[in-house]
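Each remark here refers to the structure printed beneath this line.
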Amino acid sequence: MNGLSLSELCCLFCCPPCPGRIAAKLAFLPPEATYSLVPEPEPGPGGARAAPLGTLRASSGAPGRWKLHLTERANFQYSQRELDTIEVFPTKSARGNRVSCMYVRCVPGARYTVLFSHGNAVDLGQMSSFYIGLGSRLHCNIFSYDYSGYGASSGRPSERNLYADIDAAWQALCTRYGISPDSIILYRQSIGTVPTMDLASRYECAAVVLHSPLTSGMRVAFPDTKKTYCFNAFPNIEKVSKITSPVLIIHGTEDEVIDFSHGLALYERCPKAVEPLWVEGAGHNDIELYSQYLERLRRFISQELPSQRA
């Protein structure tokens with residue numbers, strides 16, 4: 001998230017402030033796209049040609065066929081074999097934006113699919129290697145999407161678009177792949193907690209994982225803020241109590257972007273929270289490097305969720 005100068009803060013709160021403007025100032029850092037979605041012609045009489053490294057063919061059972069073209073900036077770390085487990089396609093949000101989607105089939109017959117809302121300043125191309133590694137280790141498939149204005153998604157990033165984007169991704173996962181809500185784990189990281197918590201407050205799913213979550217935009221900019229004002233962007237603190245699915249909160253105690261107090265506040269307000277993971281010494285972008293990160297996720301998914309469903 002960007003730091004704000006005194007003049008910018010005065011401008012935000014004297015103009016008068018509005019959620020969209022606060023959100024844009026605090027949150028959105030779309031990177032230069034590291035991939036593109038290329039429509040693939042239907043195969044002729046001779047059949048389809050093999051896709052070269054860096055491209056892949058989307059599911060033939062879905063309307064339209066697409067190839068994923070990765071640039072060097074995506075830093076893809078796997079071979080063609082792993083690349084072939086990825087399917088890509090665009091869908092459209094209720095606000096008219098094209099939303100790029102990615103489905104990673106990490107484990108045949110996986111019990112759960114993780115609907116992953118990534119953090120800031122990255123896109124699907126940069127996250128693809130991470131998704132393959134995470135899904136393989138958790139024995140889950142991964143479904144993700146790019147926010148409006150990120151990657152190959154159209155439009156501009158805004159709070160309202162975030163909510164429409166995840167709705168479009170949720171509908172695509174449920175209808176295109178036939179995944180039922182009780183098999184979907186909503187996972188969000190940093191800014192991705194915003195659409196995830198909004199969706200989770202409206203739909204029941206298998207579980208929710210909140211990774212380095214923020215309570216609200218105002219509380220990030222002004223840590224002493226105690227109330228949720230009408231112009232407060234990203235009011236997660238007001239939505240967490242409405243989540244009816246089990247919630248695992250993960251936060252680093254030395255988070256320099258979203259203070260650890262945000263994770264604590266959400267945990268205390270969440271009625272469905274399970275034992276959280278507070279990673280001692282971890283910051284905002286390095287929690288995945290700590291061994292307890294995967295250990296806690298595995299225990300939550302493989303042991304705690306099945307016992308709650310029994």
Straight-line distance of Arg269 CZ to Ile237 CD1, nearest 0.5 Å: 4.0 Å
Is there a path of hydrophobic side-chain contacts, each under 4.5 Å between heavy atoms, that joins Leu305 and Leu294? yes
For residues Tyr78 and Leu83: do they belong to one hydrophobic cluster (side chain heavy atoms under 4.5 Å, members Ile, Leu, Val, Met, Phe, Trp, Tyr)? yes
Nearest heavy-atom pair of [X] and [Y]: which atoms, and what distance?
X	Y	result
Ile301	Pro306	O-CD, 3.3 Å
Tyr145	Ser117	OH-OG, 2.7 Å
Ala206	Tyr112	CB-CE2, 3.7 Å
Lys239	Met197	CB-O, 4.3 Å
Val208	Ala200	CG2-CB, 3.8 Å
Gly151	Ala33	O-CB, 3.8 Å

Under 3.5 Å: donor-acceptor pair, side chain of [X], backbone of [Y]:
X	Y	value
His251	Ile258	yes
Ser154	Asn97	no
Asp123	Gln126	yes
Arg95	Gly155	no
Tyr150	Leu29	yes
Thr196	Leu186	no
Tyr103	Asn141	no
Ser245	Ala207	no
Thr85	Val104	no
Asn161	Arg156	yes

Is the closest side-chain donor-acceptor distance between [X] and [Y] under 3.5 Å?
X	Y	answer
Asp165	Ser148	yes
His69	Ser36	no
Asp84	Gln80	yes

With Lys272 via salt bridge (Lys or Arg N to Asp or Glu O under 4.0 Å) - residues at least two apart: none
Partners of Arg98 by salt bridge (Lys or Arg N to Asp or Glu O under 4.0 Å), sequence neighbours excluded? none
Do the non-hydrogen side-chain atoms of Tyr35 and Asp146 ever get within less than 4.5 Å of each other? yes
Residues 275-288 vs salt bridge (charged side-chain N to carboxylate O under 4.0 Å, His left out), sequence neighbours excluded, gives Glu275-Arg299
Atom [atom1] of residue position [X] - does it have more than 12 heavy atoms of other residues, nucleotides or ligands inside 6.0 Å?
X	atom1	result
Glu72	CD	no
Arg160	CZ	no
Arg73	CZ	yes

Residues two or more places apart in sequence or in another chain: which of them pass side chain to side chain donor-acceptor pair (under 3.5 Å) with Tyr187? His211, Tyr293
Restricting to ring-ring contact (aromatic ring centres under 6.0 Å, His included), what partner residues turn up for Phe143, sequence neighbours left out? none
Set of ring-ring contact (aromatic ring centres under 6.0 Å, His included) partners for Tyr131, sequence neighbours left out: Phe116
Parallel, tilted or perpendicular: ring planes of Trp278 versus Phe260, cut at 30 and 60 degrees: perpendicular
